[in-house]
Amino acid sequence: MAFEQVYEVVGRIPRGRVMSYGQIAAMLDRPLSARAVGWAMQQCPQGLPWHRVVNASGGISTHEMTDPPGLQRLLLEEEGVEFSAGGKLSMSRYRLVPKSRSRKK
DNA sequence: CCATTGACGAAGA
DNA sequence: TTCTTCGCCAATG
């Protein structure tokens, strides 16, 4: 699992759109490496739209140690992403679809 | 080299 | 719908 690839994919996520760790892993031919992707994000270099990466549930999984709590949500809302009452977003709506790069259905 | 942990995910209760 | 369990990858002790 080349973390560089992970960073590259994350960098391709357009504004107002998000991707799950598992989705990124699958994009790298490693559908079962979602956790490894998370590890890569833990060392995400600056200048990367890491806030566009959320878990498959559309929730925020960041930990306050490496990232201020609530920051990711604010950044996403800044891009027009609407969150549900549960602090989660409509993955089916904001999820970036590979190859097509359009919202699902 | 083996065991534990972690920004995950899908399935079962 | 929410919580728990198991599986997978990479890193660390």
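Bear in mind the structure is a predicted one, so any value in this text is a computation, not a measurement. Here is how names work: the chains are called A, B, and so on, in the same order as the sequence lines, proteins then strands, and each is numbered from 1.
When distances are taken from the side chain of A:Cys44 to each of C:dA11, B:dA7, B:dG9, the shortest belongs to B:dA7. Of all nucleotides listed (C:dC8, B:dG6, B:dA7), B:dA7 comes nearest to the side chain of A:Tyr21. Listed nucleotides B:dC8, C:dA11, B:dA7 differ in distance to A:Trp39; the shortest reach to its side chain belongs to C:dA11. Residue A:Ala36 places its side chain closer to C:dA10 than to any other of C:dA10, B:dA7, B:dA10.
In terms of heavy atoms, A:Leu28 sits closest to A:Val9 at CD2-CG2, 4.0 Å.
Here B:dC8 presents its P atom at 12 Å from CD1 of A:Ile24, a figure rounded to the nearest Å. Atom-to-atom, CD of A:Gln43 to P of C:dC9 comes out at 18 Å; the value is rounded to the nearest Å. Atom pair A:Gln42:CD and C:dT12:P shows a separation of 9 Å (rounding to whole Å applied). Rounding to whole angstrom units, CG of residue A:Leu76 and P of B:dA7 are separated by 18 Å. For A:Met27 and C:dC9, the CE to C1' distance is 18 Å, given to the nearest whole Å. When the P atom of B:dC8 is taken as reference, atom CD of A:Gln72 falls 11 Å away, rounded to whole Å. Nucleotide B:dA10 holds its C1' atom 14 Å from the CE atom of A:Met91, rounded to whole Å. The nearest whole Å value for the distance from the CD1 atom in A:Ile60 to the P atom in B:dG9 is 12 Å.
In terms of phosphate contacts, A:Ser61 brings a side-chain nitrogen or oxygen within less than 4.0 Å of OP1 or OP2 of B:dC8. Taking side-chain N and O atoms only, A:Ser33 has no distance below 4.0 Å to OP1 or OP2 of B:dC8.
To the nearest 0.5 Å, atoms CE (A:Met41) and CG (A:Asp67) are separated by 10.0 Å. Annotation: the span from A:Asn55 atom CG to A:Gln23 atom CD amounts to 12.5 Å, rounded to 0.5 Å.
For A:Gln72 (side chain) and A:His51 (main-chain N/O), a donor-acceptor pair under 3.5 Å exists by modelled atom type.
With respect to A:Glu79 and A:Arg17, no salt bridge is recorded, no charged nitrogen being found less than 4.0 Å from a carboxylate O.
Using a 4.0 Å heavy-atom cutoff across all strands shown, A:Met41 reaches at least one base atom of the nucleic acid.
You'll find a donor-acceptor pair under 3.5 Å spanning the side chain of A:Arg35 and the base of B:dC8, going by distance alone.
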